[in-house]
There are 2 protein chains.
Amino acid sequence: MKQHQITINDIARELNISKSTVSRALTGHPKVSPAKRTAILELAEKLDYQRNMLAISLCNNRTNTIGVIVPEFRTSFFPKILVAIQETAAQSGYNVIVCQSGESYETEVKNTKVMLTNHVDGLIISITKETKNYEHLKIFQRKGIPLVFINRIVNEMAVPKVVVDDYEGAFRAVEHLIQTGKKRIAHLAGPENLLISRNRLNGYLDALRKYNLPIIQELIIPYDFNLEKVKIYTKHLLELKERPDALFAINDPTAVEAIQVIKAKKLKIPKDIAVVGFSNEYSSAYIDPSLTTVAQPLEEMGIRATQALIEQLNKDISEWKAVTQVLKPELIIRKSS
Amino acid sequence: MKQHQITINDIARELNISKSTVSRALTGHPKVSPAKRTAILELAEKLDYQRNMLAISLCNNRTNTIGVIVPEFRTSFFPKILVAIQETAAQSGYNVIVCQSGESYETEVKNTKVMLTNHVDGLIISITKETKNYEHLKIFQRKGIPLVFINRIVNEMAVPKVVVDDYEGAFRAVEHLIQTGKKRIAHLAGPENLLISRNRLNGYLDALRKYNLPIIQELIIPYDFNLEKVKIYTKHLLELKERPDALFAINDPTAVEAIQVIKAKKLKIPKDIAVVGFSNEYSSAYIDPSLTTVAQPLEEMGIRATQALIEQLNKDISEWKAVTQVLKPELIIRKSS
DNA sequence: CTGTTAGCGCATTCAT
DNA sequence: ATGAATGCGCTAACAG
């Protein structure tokens, strides 16, 4: 139950001037006499006046709001990116509204509806592990609302993208394992429809190839990010006749879960089996043994994505460019390898 | 650069009826002939029509949006609460916009301005460690916008609050340490202006009193959540003539940081010094040694806060009740104690 | 520099 | 059951 709200009419009436002048003073329009300007600003301050963005947005047909859809908040990965997005957006006067899809395609579709209904000026999205149909995203293109992908991108859509070089990150990680003498390197891979999964897998494969190691299919297990399953798969790997001597996991939570299983089996890390993760979670430095992992420049990712989006916001649709920015990952070697 | 947007006028024109009828059909008004209703709904679907919430909000003077301000995203604490808030809000048709204050009072004030400007219908907030002045929050009360505090509350403001029983959580944690034979229990405490800090400190003190243990001031160190300082304080504690034999930390990140220092000093946990944290971060089960901690029902906290807020949204301001809900924490005993 | 007018997209009277 | 008219709070031409 709201109360009466102070409007420009109130302050116009009080000052005996037209609301246009008030509006001008408030928006910083140059052609307002200094005397009136200060009077207006003072009264606004005194009355605790707040501009009604709803009305302003309705006029301008833009909300100064950026939508962000991410798959999860379980890890620190997306929160870190989000903070950067928020800050970058704020610097340009944009608000951010966030939805999380919970890795559910259905929820993601609903989220896009929310964004549309709220008339976001643009959208930054990282798709779910389930998303294979992109109709809900193409709507934004059709409506002329700029879209930017981060991390989990849709290659076939011609919009700006910001990603980390997953291939190189994976390649480096596996190369590092090889250089420490490992020869049977398992890979707990991600869902096959995600490009990050495929790129990391390719990095893994190419590293093996470069060093003339055999590619052993039974050591490559894609899974759906359901951490419960990591136990099963890791056990399975450890019970193979020829046990792997290293494990490259699609991400840190997976690696951490695998490490628990390995420790429960009384195997030594990294002596019996080395482990490398991906994404450098906060906790990865603190677990036992501390986890070797591939760090991604998340803050930069958020900044670049937001900048790419805002750039489009200020250009005509005909000038939009679908540039893909690829950021460099960094291998952080700790005690698990 | 937006393109043309489908409006009710478009579909009214197409169907040769008035936009009033279209509006009625779309809002589910009963008095619309079934034939027209279906025709309208079908065309809307076909045209990919999206209601313009801006315009609707402007009419209703409500946005169906709930604002949330939290101090940080570094830990999984607030993200977990947020997810619950989002879901609960969505069930009642509310959107959520989130700001993070980054533990800065100044940013928090800015955040509240953003919320006001965006005309949120209500606000859920957890204050920063710096917030000692509450004028920016009282504005909401004056404007008749309902407010709900979670976790980090302002006792002197008469609005609904949802908290965990920090006192009891701390008491249990310290009692547990005492029962395992510890006698010199240090406490890395939180900022003194936060009620959670004071409550946890009191739980700590009362547990010592109950078991007739002396309260030793030099073992109680309040700090400002700047993790860098944990190293210094922990080192200091370990170098005391009479070293503490246990440490109760204000939260898990603090405990984890302290554990690193303790391990670096080659002291055994929990034999030489036991450690207990607070809040049960995801990673706390995985670190070495796994961390004993006080778990909080975060999901329930988010749900209750959202429900409390929505309840107020539907009542007249005169009926608002400032109920404080206190949720029970749970001690999770692991290997660090 | 300033006031007047129109309209953003919609819900909601008031008529019919 | 439906249409016409009004206004939410504000900006943006348009005149002076």
Side-chain angles (χ1 to χ4, degrees), chain A residues 1-41 43-44 47-65 93 116-121 143, chain B residues 1-41 43-44 47-65 93 116-121 143:
Chain A
M1 297 294 153
K2 293 279 191 60
Q3 296 174 326
H4 173 70
Q5 184 190 15
I6 307 282
T7 74
I8 55 172
N9 289 307
D10 296 323
I11 105 151
R13 196 178 329 111
E14 183 102 3
L15 258 36
N16 255 318
I17 55 181
S18 81
K19 63 175 185 176
S20 309
T21 307
V22 178
S23 171
R24 289 190 187 101
L26 259 20
T27 50
H29 199 97
K31 297 191 172 179
V32 180
S33 74
K36 290 197 175 168
R37 158 164 283 127
T38 53
I40 291 167
L41 261 30
L43 186 58
L47 261 36
D48 211 13
Y49 167 80
Q50 295 285 340
R51 304 169 69 198
N52 187 335
M53 286 311 290
L54 267 56
I56 295 174
S57 298
L58 194 56
C59 283
N60 302 339
N61 198 25
R62 56 186 299 174
T63 54
N64 278 299
T65 300
L116 248 23
T117 310
N118 280 49
H119 286 250
V120 294
D121 292 338
K143 285 188 180 278
Chain B
M1 296 294 154
K2 294 277 191 62
Q3 292 174 328
H4 174 70
Q5 183 190 19
I6 305 283
T7 74
I8 54 172
N9 289 306
D10 296 321
I11 105 153
R13 198 179 326 109
E14 183 102 1
L15 259 34
N16 254 315
I17 55 181
S18 80
K19 63 176 185 176
S20 309
T21 307
V22 177
S23 171
R24 289 190 186 100
L26 257 22
T27 50
H29 198 97
K31 297 192 173 179
V32 179
S33 74
K36 289 197 176 167
R37 159 164 283 126
T38 51
I40 291 167
L41 261 30
L43 186 59
L47 260 37
D48 211 13
Y49 168 79
Q50 295 285 342
R51 306 169 68 197
N52 187 333
M53 285 311 290
L54 267 57
I56 294 174
S57 297
L58 194 56
C59 284
N60 302 337
N61 198 24
R62 56 185 297 172
T63 54
N64 278 300
T65 300
L116 248 23
T117 311
N118 280 49
H119 286 250
V120 293
D121 291 338
K143 284 189 180 277

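Quick caveat, the model's predicted, so the values are computed rather than measured. Quick note: numbers below take in every heavy atom, side chains included, and nothing from hydrogens, waters or symmetry partners.
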Show every salt bridge (charged side-chain N to carboxylate O under 4.0 Å, His left out) that has at least one partner inside residues 13-37 of chain A, sequence neighbours left out.
A:Asp10-A:Arg13

Testing D:dT2, C:dT4, D:dC10 for proximity to the side chain of A:Ser18, the answer is C:dT4

Summarise protein proximity over nucleotides 11-16 of chain D in one line of letters, 5' to 3': B for base, S for sugar-phosphate only, - for none, counting protein heavy atoms closer than 4.0 Å.
BBB---

Rounded to whole angstroms, how far apart are CG on B:Asp10 and C1' on C:dG9?
11 Å

Distance below 4.0 Å between B:Thr21 side-chain N/O and D:dT2 OP1 or OP2:
no

To the nearest Å, give me how far apart CZ (A:Arg62) and P (C:dG9) are.
16 Å

Using heavy atoms to find the nearest nucleotide of DNA chain C for B:Leu54 and B:His29 separately, return the residue whose nucleotide is more 5′.
B:Leu54

Residue mapping more 5' on DNA chain D - nearest nucleotide basis, B:Lys31 or B:Leu58
B:Lys31

Pair up each side-chain donor or acceptor in residues 52-60 of chain B with any protein partner under 3.5 Å, not counting sequence neighbours, and list the distances.
| residue | atom | partner | partner atom | Å |
| --- | --- | --- | --- | --- |
| B:Asn52 | OD1 | B:Leu54 | N | 2.9 |
| B:Asn52 | OD1 | B:Ala55 | N | 3.4 |
| B:Ser57 | OG | B:Met53 | O | 2.7 |
| B:Ser57 | OG | B:Arg62 | O | 3.3 |
| B:Asn60 | ND2 | B:Ile56 | O | 3.4 |

Terminal axes of the helix from C:dC1-D:dG16 to C:dT16-D:dA1 (five pairs each): angle between them, nearest 10 degrees:
40°

Name the nucleic acid region contacted by B:Ile17, choosing base, sugar-phosphate or nothing; use a 4.0 angstrom heavy-atom cut-off, strictly under.
sugar-phosphate

Rounded to the Å, how far apart are B:Ile40 CD1 and C:dC10 C1'?
14 Å

By side chain to side chain donor-acceptor pair (under 3.5 Å), B:Ser18 pairs with (sequence neighbours left out) B:Thr21

Go through the structure and list residues passing side chain to side chain contact (heavy atoms under 4.5 Å, CB included) with A:Leu47, not counting sequence neighbours.
A:Ile6, A:Ile11, A:Leu43

Distance in angstrom units between A:Ile11 CD1 and C:dG3 P, rounded:
12 Å

